[in-house]
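Inspection log for the structure reproduced underneath, given as structure tokens.
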Number of protein chains: 2
Amino acid sequence: MGGAAPSATTGGFALIDNMVSHDETRSEDAPAQPAARPTLKTIARLAGLGVTTVSRALHDAPDIGEETKARVRQLAESLGYQPNRAGVRLRTGRSHVIALVLATEAEELGINSQLIYGISEALSASAYQLVVMLHDPAADPLGPIRDIVEAGAADGILFARIEPNDARVRFLTERGVPFATHGRTDMGIVHPYFDFDNEAYAERAVRRLASLGRRRLALVGPPPGLSYARHMTSGFCRAVAVLNLERVSVGSIDTDSPHERIQDEIHRLMRRADRPDGFVSGGAVAALSVTAGAEAAGLVLGRDFDVVVKESSDLFRKFRPAIETAREDFRTAGKWLAQAIIGRIEGTADVDVHFLDVPRIEVSETVPERVAATVVL
Amino acid sequence: MGGAAPSATTGGFALIDNMVSHDETRSEDAPAQPAARPTLKTIARLAGLGVTTVSRALHDAPDIGEETKARVRQLAESLGYQPNRAGVRLRTGRSHVIALVLATEAEELGINSQLIYGISEALSASAYQLVVMLHDPAADPLGPIRDIVEAGAADGILFARIEPNDARVRFLTERGVPFATHGRTDMGIVHPYFDFDNEAYAERAVRRLASLGRRRLALVGPPPGLSYARHMTSGFCRAVAVLNLERVSVGSIDTDSPHERIQDEIHRLMRRADRPDGFVSGGAVAALSVTAGAEAAGLVLGRDFDVVVKESSDLFRKFRPAIETAREDFRTAGKWLAQAIIGRIEGTADVDVHFLDVPRIEVSETVPERVAATVVL
DNA sequence: ATTCTTTCCTGTAACGTTACAGTAGCCTTA
DNA sequence: TAAGGCTACTGTAACGTTACAGGAAAGAAT
């Protein structure tokens with residue numbers, strides 16, 4: 001905070017000086033220092049010990065006396081000592097940073113913030129910090145991930161929207177940099193991941209629609225390049241085949257398509273004689289677009305067609321209980337990923353950990369006064 | 001990456017070793033080093049210069065010859081030199097970290113991620129990193145903000161959900177730590193902030209409802225402790241008074257109240273004879289709850305009542321054009337805040353910068369086929 | 001020829017931490 | 001009593017960077 005410090009800053013310093021007891025100010029320095037943070041040296045001087053001893057005491061090393069440890073710890077506590085991150089990082093090479101590399105387009109009603117909340121929550125008890133970066137994989141497959149590795153900017157990397165053959169996974173594996181992903185590849189590379197079982201989701205969604213008497217089903221899945229699009233599609237196709245239902249194609253739309261395209265496409269589709277009577281959607285906004293398109297064709301949800309959707313919030317359950325949902329919990333995913341990546345960094349966890357979140361279709365109970373709410377959303 | 005490195009990691013190192021040309025390996029070391037990152041020393045050795053010279057050359061210092069600068073820069077470029085953050089931080093005390101301290105409850109359909117995208121975008125061109133932390137102000141007014149200051153964990157801090165008399169603003173001002181906020185206080189402390197003009201929003205919303213013939217208006221505002229709740233309320237009250245309308249209280253509900261409470265409260269309210277015929281909502285989800293409650297009472301949006309809502313996404317415009325919206329753009333806010341805080345940190349910007357985003361009520365054009373979509377959401 | 005400038009470069013020290021190689025003192029053991 | 005081995009501590013060096021105080025070489029002014 002040196003340099004061109006403005007007057008407000010200086011004012012702040014003056015205030016602090018008034019509050020600080022000057023008992024321990026260094027004798028050689030100018031008197032008006034802004035309450036310098038205590039370092040190991042400070043504690044060592046106060047305790048009459050060497051810096052090394054203090055460091056080792058705070059690390060609970062076996063060759064330091066218990067009494068000394070207690071004294072040092074107490075002193076550190078009372079001074080509010082916090083190890084200097086830069087010092088540790090420079091010496092050990094460990095940054096205590098976890099980087100989350102996000103794709104902007106993945107935004108579906110705040111899933112990324114849910115992910116961030118989960119990670120932050122898990123990290124808040126640790127010494128690790130969460131750094132967030134944006135990445136447009138279309139522009140550059142590696143993007144900031146390469147930069148992070150080359151600059152040593154993080155101890156571990158988290159990312160999502162995994163492709164079956166993912167350049168980032170390959171790169172980080174080659175470089176030996178710890179990472180964990182939301183989603184998985186086809187590559188047979190072993191690494192920690194958290195995934196939602198989209199195959200099971202699609203299967204169960206199809207079964208649910210079948211149990212509602214629906215026979216002609218359509219899937220609005222994730223963008224085809226992503227791993228979980230394949231999983232969802234294969235679950236959908238298998239269940240449709242097993243149950244002897246009919247599969248209706250929605251053309252080239254997916255959950256990332258613009259609202260108007262989905263709505264228009266579904267609108268067109270629903271005017272055909274062989275229109276679908278059930279939809280499985282991979283995303284909340286897309287399900288709204290689908291419903292809007294179908295309703296624009298004069299059809300009624302729950303009478304002429306049904307929709308099952310995977311959502312991360314409670315919106316549908318709150319406002320449109322006629323649409324059935326499977327909840328994908330990104331906050332839990334974030335927590336899990338944070339713990340997994342720390343495990344990888346510290347070498348305490350196996351490379352081969354993963355979690356497959358099994359979906360449950362939430363059948364909305366039809367509480368009378370809630371039914372009216374169906375009209376909205 | 002040392003310590004308990006798993007086999008996968010070792011495999012990675014081996015691969016890299018194959019790719020690295022061993023021309024510049026240090027003679028004294030073991031031969032199988034994992035492609036050490038170049039430092040100033042590396043460049044200095046290669047250029048036959050002193051480390052200081054290289055440092056100053058890369059900083060474009062005036063006392064270094066142009067030819068030397070060019071040579072050093074080219075060398076640095078070709079080696080992929082990136083300054084070591086820990087070294088810089090240790091020496092200069094500058095962390096190049098911007099901390100964003102988020103309140104979880106503020107989540108309204110992903111506004112926090114929009115904020116993060118904006119900040120990240122602005123920061124991606126700079127040397128600064130975005131660190132995200134969670135904070136529950138109810139549990140501890142300062143929370144991680146105190147920790148950041150005491151640990152020197154960031155050069156600047158961003159936060160939102162400002163209160164009229166905000167402990168965080170006071171604390172950071174006293175400590176002289178650069179910060180910028182989304183929202184503003186009543187305290188008369190000068191600092192950079194970005195705010196949405198909620199007073200103007202409420203006024204315009206009221207005017208819009210009045211122009212639709214609505215006469216009995218209710219406000220579902222933000223939680224009363226926050227600054228912008230006051231702004232919105234005062235704009236609302238003033239416009240209602242000026243236009244000679246009637247103000248209907250919604251009791252103790254606000255945009256943070258649980259869906260059921262809002263819905264039930266509105267439901268109850270709308271069965272009274274003196275029910276409101278127009279709503280101004282401070283948040284998207286609350287507006288849905290309000291609409292659900294009113295519709296549960298058998299009333300029809302656009303006929304019996306109208307709603308104006310402030311939203312950060314396009315959901316209403318897409319799916320429920322009968323509800324009119326003012327768009328609050330958090331991505332732009334994030335960009336602005338990032339630039340402002342960097343300006344404060346580097347001392348290039350005035351303390352007294354702020355931006356008041358003037359709202360525009362988006363009156364939905366009634367394109368025929370879009371009208372049908374009204375049924376959804 | 002001497003001094004003074006200017007230009008361009010350099011070495012040293014320090015930021016806070018931890019790895020490593022000691023060491024002083026004491027207690028066992030033979 | 002000497003050797004060996006613990007216990008509990010310490011000093012030095014190094015991580016990569018930049019501030020600072022020089023300083024050599026070359027040209028300009030006296």
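Chain letters run A, B, ... following the sequence lines, proteins first, then strands; residues in each count from 1.
Residue-to-nucleotide proximity on DNA chain C shows that, of Ala86(A) and Gly50(B), the 5′-proximal contact is made by Gly50(B).
Every ring pair (Phe, Tyr, Trp, His ring centres under 6.0 Å) that His96(A) has, sequence neighbours left out, goes to Tyr128(A). Scanning for side-chain hydrogen bond (donor to acceptor under 3.5 Å, both in side chains) contacts around Glu121(B) gives Arg331(B), Lys335(B), with sequence neighbours left out. Residues passing the side-chain hydrogen bond (donor to acceptor under 3.5 Å, both in side chains) test with Arg168(B) are Asp166(B), sequence neighbours excluded. Applying the salt bridge (charged side-chain N to carboxylate O under 4.0 Å, His left out) rule to Arg71(B) yields no partners; only residues at least two apart in sequence or on another chain are considered. For Arg91(B), there are no side-chain hydrogen bond (donor to acceptor under 3.5 Å, both in side chains) partners at least two apart in sequence or on another chain. When the salt bridge (charged side-chain N to carboxylate O under 4.0 Å, His left out) test is applied to Arg146(A), the partners found at least two apart in sequence or on another chain are Asp140(A).
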Q: Give the B/S/- string for nucleotides 18-28 of chain D, one per nucleotide from 5' to 3', where a protein heavy atom under 4.0 Å of the base yields B, of only the sugar-phosphate yields S, and otherwise -.
A: BBB--------
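dC15(D) atom P lies 20 Å from atom CD of Gln82(B), rounded to whole Å. Atom CZ in Arg45(A) sits roughly 17 Å away from atom C1' in dT10(D) (whole-Å rounding). Computed from coordinates, the Ile43(A) CD1 to dC9(D) P distance equals 15 Å when rounded to whole Å. Here the P atom of nucleotide dT7(C) and the NZ atom of Lys69(B) are 12 Å apart, to the nearest Å. Rounded to an integer number of Å, the gap from Asn84(B) CG to dC15(C) P is 18 Å. In this structure, Leu58(A) places its CG atom 15 Å from C1' of dC9(D), rounding to the nearest Å. Atom CZ in Arg94(B) sits about 19 Å away from atom C1' in dG16(C), given to the nearest Å. Taking atom CD of Glu66(A) as the reference point, atom P of dC9(D) lies 10 Å away to the nearest angstrom.
The list of side-chain hydrogen bond (donor to acceptor under 3.5 Å, both in side chains) pairs with a residue in residues 50-60 of chain A, not counting sequence neighbours, reads Arg56(A)-Asp63(A), Asp60(A)-Lys69(A).
In this model, the phosphate group of dC15(D) is not approached by any side-chain N or O of Thr39(B) to a distance below 4.0 Å at OP1 or OP2.
The neighbour count for Glu150(B) CD, taken as heavy atoms of other residues, nucleotides or ligands under 6.0 Å away, is above 12.
Of the candidate nucleotides dC9(D), dG16(D), dC9(C), dG16(D) has the atom lying nearest to any side-chain atom of Leu90(A).
Under the side chain to side chain contact (heavy atoms under 4.5 Å, CB included) test applied with Val177(B), the options Asp155(B), Leu172(B), Ile148(B) reduce to a single match, Leu172(B).
Helix-axis bend for the helix from dA1(C)-dT30(D) to dA30(C)-dT1(D): the local axis fitted to the five terminal pairs at one end deviates from that at the other end by 60°, rounded to 10°.
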